[in-house]
Amino acid sequence: MKENTKESTTEIAAEGCPTLPTDAAPDDASEPLQTELYDLRVTVDRIEGRSVCGMSVGDYFELVNSAQLRIPDGTHFCLYALQAVIPLLPAKQRMLPSGDWLERDTLVCCPDPEEQLIMRIDRIGRCSLDTESLT
């Protein structure tokens, strides 16, 4: 179903939620659009099994400035633990409604059943990026 106006066309999704108008201009086109994101730290919170990958409680990496992954010198982060947490990070970088489960949940498990490594995602800061420079 479409709702027509003189200024723009807004499509109504099947669930009744309108999508953004495709031909609407920003309120002030002279100011560059900014995207606000959280910088994140993923920390090994606990290991309830045996550490096979060599990580320890307190090991961490940070995701900053949208896409920069930082691991402290002289440390490593298990590839399998990393792949478990990566799909959640883009959502955790954004402001979410207070009732959203992802806003409240911060723990992620490594997929190795013997290790039982639990990671915690913390927001450690905010960054503002020029929206036009993002892909």
Side-chain angles (χ1 to χ4, degrees):
M1 159 164 102
K2 288 193 176 187
E3 194 177 277
N4 291 318
T5 66
K6 290 181 183 179
E7 296 172 14
S8 67
T9 301
T10 302
E11 295 202 17
I12 306 297
E15 301 82 37
C17 298
T19 59
L20 293 175
T22 55
D23 55 350
D27 291 337
D28 185 358
S30 64
E31 287 189 32
L33 295 174
Q34 295 291 303
T35 298
E36 296 285 325
L37 296 174
Y38 287 102
D39 290 335
L40 304 174
R41 176 178 287 160
V42 177
T43 306
V44 176
D45 189 68
R46 60 187 181 271
I47 301 172
E48 297 176 346
R50 63 184 185 99
S51 181
V52 179
C53 66
M55 290 200 324
S56 302
V57 172
D59 287 349
Y60 70 92
F61 71 86
E62 294 177 347
L63 179 61
V64 297
N65 298 322
S66 174
Q68 297 175 3
L69 190 68
R70 296 185 179 163
I71 300 173
D73 287 342
T75 66
H76 72 279
F77 211 89
C78 172
L79 177 67
Y80 302 105
L82 189 62
Q83 66 86 25
V85 73
I86 281 180
L88 302 173
L89 299 182
K92 293 296 277 186
Q93 287 179 302
R94 287 158 175 74
M95 294 185 76
L96 299 169
S98 60
D100 191 307
W101 69 271
L102 198 52
E103 182 67 24
R104 298 184 318 266
D105 289 356
T106 60
L107 300 178
V108 181
C109 297
C110 175
D112 186 335
E114 282 194 39
E115 194 154 38
Q116 299 175 40
L117 183 136
I118 312 296
M119 299 165 281
R120 185 183 66 251
I121 304 171
D122 295 307
R123 291 173 169 162
I124 58 171
R126 293 186 71 163
C127 65
S128 181
L129 304 162
D130 177 24
T131 303
E132 293 297 317
S133 68
L134 300 173
T135 57

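What you see is a predicted model, and the numbers here were worked out from it, not measured in a lab.
- No continuous path of hydrophobic side-chain contacts links Ile124 to Leu63 [ILVMFWY only; heavy atoms under 4.5 Å].
- Distance check, rounded to the nearest 0.5 Å: CG of Leu117 to CZ of Arg46 gives 10.0 Å.
- The shortest non-hydrogen separation linking Gly54 to His76 is O-CE1, 3.6 Å.
- Tracing side-chain contacts under 4.5 Å through hydrophobic residues (I, L, V, M, F, W, Y), one reaches Trp101 starting from Val108; they form part of the same cluster.
- Atoms SG and CE, on Cys109 and Met119 in that order, are 7.5 Å from each other to the nearest 0.5 Å.
- Between the Glu115 side chain and the Cys53 main chain, a donor and an acceptor come within less than 3.5 Å of each other.
- Each of Thr43, Val85, Leu40, Val44 was evaluated against Phe61; a single residue qualifies, Val85, per the side chain to side chain contact (heavy atoms under 4.5 Å, CB included) test.
- Between the Gln93 side chain and the Leu37 main chain, no donor and acceptor come within less than 3.5 Å of each other.
- The shortest side-chain heavy-atom distance between Thr106 and Asp45 does not fall under the 4.5 Å cut-off.
- Applying the salt bridge (Lys or Arg N to Asp or Glu O under 4.0 Å) definition to pairs two or more places apart or across chains, those involving residues 85-107 are Glu103-Arg123.
- We find the CZ-CD distance between Arg126 and Glu36 to be 5.0 Å, quoted to the nearest 0.5 Å.
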Side-chain donor-acceptor contacts of residues 66-73 below 3.5 Å, not counting sequence neighbours, with atom names and distances?
unit_1: Gln68; atom_1: OE1; unit_2: Asn65; atom_2: ND2; d: 3.3
unit_1: Gln68; atom_1: OE1; unit_2: Arg70; atom_2: NH2; d: 3.3

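- Hydrophobic cluster membership differs between Ile118 and Val52, with clusters built from Ile, Leu, Val, Met, Phe, Trp and Tyr side chains linked at under 4.5 angstrom.
- Closest heavy-atom contact between Asp39 and Val64: OD1-CA, 3.3 Å.
- Hydrophobic clustering places Leu82 together with Ile47 (ILVMFWY residues linked when any side-chain heavy atoms are closer than 4.5 Å, directly or through intermediates).
- Summarising the geometry of Glu62 relative to Tyr60, their closest heavy-atom pair is OE2-CE1, 3.8 Å, with the distance given to 0.1 Å.
- Under the 4.5 Å side-chain heavy-atom criterion for ILVMFWY residues, a single connected hydrophobic cluster contains both Ile86 and Leu88.
- Pro90 and Pro87 get closest at one heavy-atom pair: CD-O, 3.7 Å.
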